[in-house]
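Keep in mind that this is a model prediction, so the values were computed, not measured.
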Amino acid sequence: MKKQTISSMLAGLRKQHLLQVILLLILIVILAFFGLLYYFSKDADISGLKNELPQPTVFYDVNGQVASKISANKNEGVPIRDVPASMRNAVVAIEDHRFYHHHGVDFIGMSRALVRDLRAGEMAEGGSTITQQLIKNTLLTPQKTLRRKFEEVFLALAVEREYSKQEILQMYLNQIYFGNGAWGIKQAAGKYFAKDVKDLSLSESATLAGLIKAPSALNPYEHMKKTVDRRNLVLLQMKEQGYITKQQYNRAIHEKIVLNDKGPDPFRGKYPYYVDEVLSEAIHKYGLSQDELLTGGYHIYTELDPVMQTAMEETYQRDELFPAGSSDRLMQSGGVLLDPKTGGVRALVGGRGEHTFRGYNRATQLTAQPGSSFKPLAVYTPALEEGWKITDMVKDEPISFGSYQPSNYDHQYDGEVPMYEAVKDSKNVAAVWLLNQIGLEKGLDAVKRFGITLDKQDQNLAVALGGLHKGVAPVEMAEAFSVFPNNGIRFKAHVIRKIVDANGTVVAEWKGKGTRVTTKAVADNMTTMLLGVVEEGTGKEAQISGRETAGKTGSTQVPIKGINGLKDQWFVGYTPQLVGAFWVGYDKTDAQHYITSSSDKGAAVIFCEAMTKALQNTPIESFNVPHIAPLIEKREREKIFENLQKNFNNEVQKWEEKWNKQKEKWKKKWNNKGKGHGWGRGH
């Protein structure tokens, strides 16, 4: 009996020892497992996970109102402090109720999921924490493999060591997909309830939290009953976990889900060409990078006038205003509207057709010869400064200047004409002759003062006709012409007023000062002549009904022998309040792509349409300068008088000739009579 008892005791001890050994081995395995997890998680690369709030760069118009937004991110971040507790608690309750108790990986939930996966024979069950879901959405591929699951665990542990629970929840809420194209809680609140995140109710928070599991299957716009059931489950979990009271639960489950999609942000992508130029100026003038501007949440205050920019964009949508292009290539154009009092660019469009982000902007990057629109800058302003008057006569006849022999576009010449008439009718020879008279250096100096940089190749008389080596952009011509309505003072053209970073610090600000280019008297005289261009001359198509409008046409010929057409077409003009500069042409001119000389569409027509719309809410003002109509009438009267005088003199001359002839006849007759009577003979 004793022997049996002892054997039984020994067997019990062996069994207990074996159990202890097994437990010890299990403990060692578990410790080794956690040790390995810790070891590998230390080196886990989580650099791709950034605790940043994706914020768009916001552009403000000249009135301080939001005009446009741009961002490199598909969503817009919201600080966790602006997310209501109901939303935070709803997500934790339904997605990861042990979120505040684990360290990135819920091993209890994970074990449960693993058992289910083994039974299913595949990686079907998730068991992922909020931290793991964040990692899956940002750092890993969506495929379900055992290796990826281990990577997920390592990364989750690393993330939990690096970030607080609130930071993790903030990143999660701003990056998770809620369906219907809504990435992040901000877009979701707008997509389903047309609300800001901070204004979400308990029921709405539970609804959005419920969508995370299966955004498509639970889409409330298509499956409302499923959405309601899921919301109620979220609310039940919130009640059972102590986040809400029974009364709150009862009220919320009986609240009707009212959907309201406010649509996409109306400011995103608005005014693309203007935004392009703002970015370009911020980069090149103020030293910011494109990446900073697309991700840094800057607030940029601009010179944009939304009424004028809309007017420009609507004008550029009207194909009938532009010369007909070829079937394979679009006739292009670029235009700028500028405030002469400040140099602020009020509107611009850099091309027709599909816009490319920071692509070729013809309003600011074009280099085209300005043709005759350059004459006021290179010839007539410096001539007036040298003491010439607008009524002084200038030569208009075929002349050679060494090897250079300019000609009028219509090959018609008047011998000599008053300066205002040479401007009105855009006479080429007169402009070159006058520049030669005042001296080329005077013209080149004036161009420089107008803010335009010339090459060494431009230092010749062809500059009078805009025959530049490289050329200019509409924004440069608008800035130059702004001198005339602004009493001879030029402000640098610009689009940015100031840049404020995400912390509210002003990092850049426009502080430009005006530069005296010429006198008010000269500017006024130029306006008088340029009014004549629009009212009486080559720029009649630019006339804005009811407003005084001054300006100058310009064009260049196709440089291909045998083709009679235009390569570039310009109109640069202004009212007292606004300057507009427009170019029309092909990006590449060849024998099949040019503006036909017979076209009645183009730069002047586009100027008229855009300026008319842009100024629709602007009071009518006057330049308060003389017009050339009285001078033309006076000259016509003088011509009539000259013609009468000439005709009278011709008639007098004819009578004199007739009288002299008659006298000769009488004299001959008298002489012949004397011979017949023998008079004069000696006796």
Check: If you measure only the distance, is there a donor-acceptor pair under 3.5 Å linking the side chains of Y420 and T528?
Finding: no

Margin query: D61: which residues meet the side-chain hydrogen bond (donor to acceptor under 3.5 Å, both in side chains) condition with it, sequence neighbours left out?
Written below: none

Checklist line | Residue list, side-chain contact (heavy atoms from CB on, under 4.5 Å) with T57, at least two apart or on another chain | finding: F59, I70, Y298, I300

Notebook entry, point to check: Is the backbone N or O of W583 less than 3.5 Å from a side-chain atom of S333, with the two atoms forming a donor-acceptor pair by type?
Noted result: yes

Check: Short question: side chain of D445, backbone of K442 - any donor-acceptor pair under 3.5 Å?
Finding: no

Check: Are a donor atom and an acceptor atom from the side chains of N525 and K389 found within less than 3.5 Å of each other?
Finding: no

Check: Pick one: which of V625, T549, I628 meets side-chain contact (heavy atoms from CB on, under 4.5 Å) with L531?
Finding: V625

Note to self: For D265, give me all partners under salt bridge (Lys or Arg N to Asp or Glu O under 4.0 Å), at least two apart in sequence or on another chain.
What the structure shows: K69

Check: Near E354 CD, under 6.0 Å, is it more than 12 heavy atoms from other residues, nucleotides or ligands?
Finding: no

Next item on the list: Mind jotting down which residue pairs meet the ring-ring contact (aromatic ring centres under 6.0 Å, His included) criterion with at least one end in residues 534-554? Sequence neighbours excluded, please.
Entry: none

Item checked: Donor + acceptor pair across side chains of E277, T364 (<3.5 Å) -> yes

Item checked: Partners meeting salt bridge (Lys or Arg N to Asp or Glu O under 4.0 Å) with D524 (sequence neighbours left out) -> K520

Checklist line | A464: partners by side-chain contact (heavy atoms from CB on, under 4.5 Å), with sequence neighbours left out | finding: V379, V432, L435

Item checked: Pairs meeting criterion ring-ring contact (aromatic ring centres under 6.0 Å, His included) with involvement of residues 445-488, two or more places apart -> F450-F484, F481-F484

Checklist line | Heavy-atom donor-acceptor pair, E509 side chain to K498 backbone, under 3.5 Å | finding: no

Next item on the list: Would you mind listing every ring-ring contact (aromatic ring centres under 6.0 Å, His included) that reaches into residues 334-379, with sequence neighbours excluded?
Entry: Y273-H355

Next item on the list: Would you kindly say whether Q309 and E313 are connected by a side-chain donor-acceptor distance under 3.5 Å?
Entry: yes

Margin query: Let me confirm one number: the CG-CG distance from N408 to D425, rounded to the nearest 0.5 Å.
Written below: 9.5 Å

Checklist line | R516: salt bridge (Lys or Arg N to Asp or Glu O under 4.0 Å) partners, not counting sequence neighbours | finding: none

Notebook entry, point to check: Ring centres of F571 and F582 under 6.0 Å apart?
Noted result: no

Next item on the list: For residues 334-346, pull every pair meeting side-chain hydrogen bond (donor to acceptor under 3.5 Å, both in side chains), keeping only residues two or more places apart or in separate chains.
Entry: E303-R346, D339-R346

Checklist line | Contacts of type side-chain contact (heavy atoms from CB on, under 4.5 Å), residue S289, not counting sequence neighbours | finding: D291, E292

Enumerate donor-acceptor pairs with a distance under 3.5 Å from any side-chain N or O in residues 325-332 to protein atoms, sequence neighbours excluded.
from: S326; atom 1: OG; to: D328; atom 2: OD1; distance (Å): 2.8
from: S326; atom 1: OG; to: R329; atom 2: N; distance (Å): 3.3
from: S326; atom 1: OG; to: R329; atom 2: O; distance (Å): 3.3
from: S326; atom 1: OG; to: H593; atom 2: NE2; distance (Å): 3.2
from: D328; atom 1: OD1; to: H593; atom 2: NE2; distance (Å): 3.0
from: D328; atom 1: OD2; to: H593; atom 2: NE2; distance (Å): 3.4
from: R329; atom 1: NH1; to: K588; atom 2: O; distance (Å): 2.7
from: Q332; atom 1: OE1; to: R352; atom 2: N; distance (Å): 2.8
from: Q332; atom 1: NE2; to: R352; atom 2: O; distance (Å): 3.0

